[in-house]
Amino acid sequence: MADLLLELFSEEIPARMQARAAEDLRRLVTDRLVENGLTYAAAAAFATPRRLALSLTGLPKVTPDTAEERKGPRTDAPQPAIEGFLRSTGLTLDALERRADKKGEVFFAVIRRPGRPASEVIAEAVEHAVRNFPWPKSMRWGPGSLRWVRPLHRIVCVLSDEAGASVVPVEIDGIRSGDQTEGHRFMARGPFRVAHFDDYAAKLAAHRVVLDPEERAHRIWHDATQMAFALGMEVVEDKGLLAEVAGLAEWPVVLMGEIGAEFLDLPPEVLQTSMREHQKFFSVRNPKTGRIERFVTVANIEAPDGGAAILKGNRRVLAARLSDAKFFWENDRRKVAGQGIAGIEAMAKPLDSVVFHQKLGSQAERIARIAALAREIAPAVGADPDLAEQAAKVAKADLASAMVYEFPELQGVMGKYYARAAGLPEPVANAAEAHYRPLGPSDAVPSEPVSVAVALADKIDMLTGFWAIDEKPTGSKDPFALRRAALGVIRTVLENDIRLRIKPLLTLGDDLHYLQWASSAFAKVDEVRRSICAELGIEVEDFDSAKRLIEKNFRSDRREARLADLLNTKMADIPDPRDDLLTFLADRLKVALRDQGIRHDVIQACFDLGGQDDLVLLVNRVRAAQEFLATEDGANLLTAYRRASNIVRIEEEKDGVEYSMPPDPMFAEGAEEAALFEALDAAEPAIAAALRAEDFTAAMAAMARLRLPVDAFFDKVTVNAPNQILRRNRLCLLTRIRQVMRQVAVWDAIEG
Amino acid sequence: MPDQPRSFQEILLRLSAYWGAQGCAILQPYDLEVGAGTFHPATTLRALGPKAWAAAYVQPSRRPTDGRYGENPNRLQHYYQYQVLIKPSPPNLQDLYLGSLRAIGIDMALHDIRFVEDDWESPTLGAWGLGWEVWCDGMEVSQFTYFQQVGGHDCRPVSGELTYGLERLAMYVLGIDHVMEMPFNDPSAPIPLTYGDIFRQTEEEYSRHNFDAAEVSMLLRHFEDAEAECARLLDPELNPAIDPKTAKRIVMAHPAYDQCIKASHLFNLLDARGVISPTERQAYIARVRALAKKCADAFVQTEAGAAA
């Protein structure tokens, strides 16, 4: 058994790519080795700013011999067929075996491949990995054509066992593999030799490189928290930043510094964002004052002055940054202070000319739409309509502030501060920040009624707008984050238990969306356009100008009135985008509830009833239906439902008619059939009443009472009776079973 | 360790001496208004084509929107960049670069130098590359880029480009907090001059000019003129320009490129005057980029840019 050490040593690899790259290296190399018959016991991959490393243990020294049998043509087959077989197997005629087969004597080829030395297979796998590495962005350098994330300088590729170590020869675009690598860029210059992974890791450590990114992150966090603790302070946790800084240093050294007193009154979010985004500093909070008072920076060297010069430099840079931030903060606040809504509106004025989307108007227009929608939603979420409308107008005003221009990630947060400074009510200020929520699957949804109204209005406007212009997410493309918006709507509604019909909100008073949708739908449906033109006797070229006219002012000119009329009727043929959008929401709902163990097919079955735009109600129904299906009664009834559906479908196809008339109990023969009639007559109103009362458990219970009569019916009664009257009546009875059960859900969607 | 430089100009001179010693041709600034050292034809055009190249130079650069009337300690509408371009990029370019920092007195044992991912792109030049911003104690002191494309052409071989923001770097090395207080020449010279002695008034004048006074209709007209002239010069029909000695057409890549540079600066001034809306902005950038591409197309047909 042998072990492999592979290192790809390059110029600085972007921090955000390192973890993924280590994993890709492991996958690419091991997949290729296994594909070629070289197994291994364990694999571990690492990344530092300048290297990707892979350690494989328990490799055999050669791959096993293999033999592959291939069946060829009959021995009496025509010559060209036999020759073709020889060519494809690479064997000569006398090497083929003749074997008896059902159809006569047939050639068999046994292709034996001797095992290959591990080093050969490894060399090939390494070259394959380097040449096909899935970097998110790669580049060429110098005169070469090889691509890597940054110039690649060394390849260490060493195979070792008890007897010693040897270099696996690989050469890629002039870079020859070896057993030499380098340590820290500044603290340990010059190359050194390595023999195997343990040797490598130990020598790297001696040359001031911590190979394992998790160890680097751990050291940073440990040292930072210790330093803060010693001062009675705490480091603000930031896992993303920790991973990033661990990818920026091979030998992380933690330093803590003070933030100048003149900046301590800035909002903590401003300090944190400025320090994090520009300087990659951690924030250190003083729990006694609640303020961010210090910062932690991570250097890559241990300086003889204990980092004094480094810290001094970092503080200077920070002071320059924070001076800018302070300037923006004071300027923005001065503009709105004590001015009430007028101050905020003045701040938002430039948004009149900021384009939100070319086809969806300016930011100001969008804000007006959101305000109208928030007002409409307010009663349903228990918010004051006036406050909701005002909050919507305020919520995005900070997009025009100097601070958000400089730090876009502070949108909403600054809005909150500026609304407070303007003297607006606290729910209005809070909505500025909260209406963007949830920012991700783990982020909390807004819960204050005013915030909820604005958050829903904001997201619904996004969705309807982009649906109207047919910019829906496809596959991995979702440039406007509409999936997140949909999920936000779902979570906000469900987690706050809000009873709200969504469909009526999708177009609400919003001509722009409707017209956008109409024109894009028409642009696509060219025949409609042409047929309208033909009916009106106008040229196709005139269509757009005529349409624009009616869209603008619905003039009463007769031809235009006729065009408007036609547009309306023809429009009915084009699917309603609101239904499409509801289907999209249902699909997101499936994703959202998957973690809670809710079945996607049960959601579909309930959604298929149509008109299911009250998400709370829908989910209650889905939960009850799923519980019902898990019971013995439920499973049995589902089987019966399917059986009924199958029989009816087959017989309808056979006879070319629909068996959907009400069945007549007059023709019921025997106790079982009569009992089923009775049971259905009892269940139908019971289910309906339970549904009206939104008591889905009761509805399921009412349906469960059908199980015994239905089972007994299938047991004892022959549907396809020789008597045609009886047969038709029974087929219609099966349809009735379906209809009664379909009050609750369209069970056809259930899988399995 | 070299002794510490004492003035802005000494840093500039040391960089030139260093890169000269590394074999670069030390060029002079380009004599047109540009937004960055990259615009100098010694970078933009010479990064194209297969011929080897090594040049370093100071480039006065203008970013009209960055004007702060000489009041901001770090922002200027006119500043200096130090630019190095080597083609093909040598394998030890990072080490060469670190050597230049040592040359201006930065001690790598005491200061924390980092290469932080930064992909460079110039939409107006149709150019992009991968590399880093180089940090010294948390401050960006240089841009380090391996050019992948310029003017829409793949760079083969690839050039390595280094850009130093001189004022910021010098302020750091000299320990100065406000740019205007930085000694320009040696502080013990008979007539010591600060950066402010030389540039405070011009920053005030130009800030006012760029934001408020520059005549918009003239700028628009000049932009159109430069754009038209660039296209005309490169059009074989409109500008046949046959060399009487060789009977071959003289491709005027450089004169045309001058017009592209002018158009770019005029656009920057228009931007500072606040007369360009966000949507128009993209359109203007695309127009300048179209010129840069035409110039690049032309340059690769010339002797300096062609294969063999």
Counting heavy-atom pairs under 4.5 Å with chain B, the top scorer among D324(A), L248(A), D305(A) is L248(A)
On a heavy-atom basis, which atom in Y172(B) and which in A309(A) lie closest, and how many Å separate them?
OH-O, 4.1 Å
Which of K87(B), Q94(B), M139(B), H111(B) touches chain A most, by non-hydrogen pairs under 4.5 Å:
Q94(B)
Once rounded to the nearest 0.5 Å, what's the spacing between atom CG of N300(A) and atom CZ of F115(B)?
10.5 Å
For K137(A), which atoms come within 4.5 Å of any heavy atom of chain B: side chain, backbone, both, or neither?
both
Heavy-atom cut-off 4.5 Å, strictly under: side chain, backbone, both or neither for S138(A) against chain B?
backbone
Between R150(A) and L130(B) (side chain of the first, backbone of the second, donor and acceptor by atom type, cut-off under 3.5 Å), is there such a pair?
no
Please find the pair of heavy atoms, one from H153(A) and one from P91(B), that lie closest to each other, and give the distance.
CE1-O, 3.1 Å
Chain A heavy atoms under 4.5 Å from R75(B): which part of the residue, side chain, backbone, both or neither?
side chain
Would you mind reporting whether F186(A) and L98(B) have side-chain heavy atoms less than 4.5 Å apart?
yes
Which atoms of H278(A) come close to chain B, meaning under 4.5 Å heavy atom to heavy atom: side chain ones, backbone ones, both, or neither?
backbone
Nearest 0.5 Å please: distance from the CD atom of Q148(B) over to the CZ atom of R147(A).
6.0 Å
Other residues, nucleotides, ligands: >12 heavy atoms within 6.0 Å of R131(A) CZ
yes
Give a yes or no on this: more than 12 heavy atoms of other residues, nucleotides or ligands lie within 6.0 Å of atom CZ of R20(A).
no
For M17(A), is it the side chain, the backbone, both or neither that has a heavy atom under 4.5 Å from a heavy atom of chain B?
side chain
So which of C155(B), S159(B), G160(B) has the biggest tally of heavy-atom pairs under 4.5 Å with chain A?
C155(B)
Pick from P90(B), A52(B), P88(B): which one has the most heavy-atom pairs with chain A under 4.5 Å?
P88(B)
Given that the side chain runs from C-beta out, which part of V253(A) has a heavy atom under 4.5 Å from chain B: side chain, backbone, both or neither?
neither
Would you mind telling me which of C136(B), G131(B), G129(B) has the largest number of heavy-atom pairs within less than 4.5 Å of chain A?
G131(B)
With distance as the sole test, does E12(A) use its side chain to make a donor-acceptor pair with the main-chain N or O of V116(B) at under 3.5 Å?
no
For the candidates G142(A), G313(A), A303(A), P14(A), which exhibits the highest count of non-hydrogen atom pairs separated by less than 4.5 Å from chain B?
G142(A)
So which atom in P157(B) and which in P143(A) form the shortest heavy-atom distance, rounded to 0.1 Å?
CB-CA, 3.7 Å
Would you call D112(B)-R185(A) a salt bridge at under 4.0 Å N-O?
no
Determine the option with the most heavy-atom pairs under 4.5 angstrom with chain B, choosing from M139(A), R140(A), Q279(A), R16(A).
R140(A)
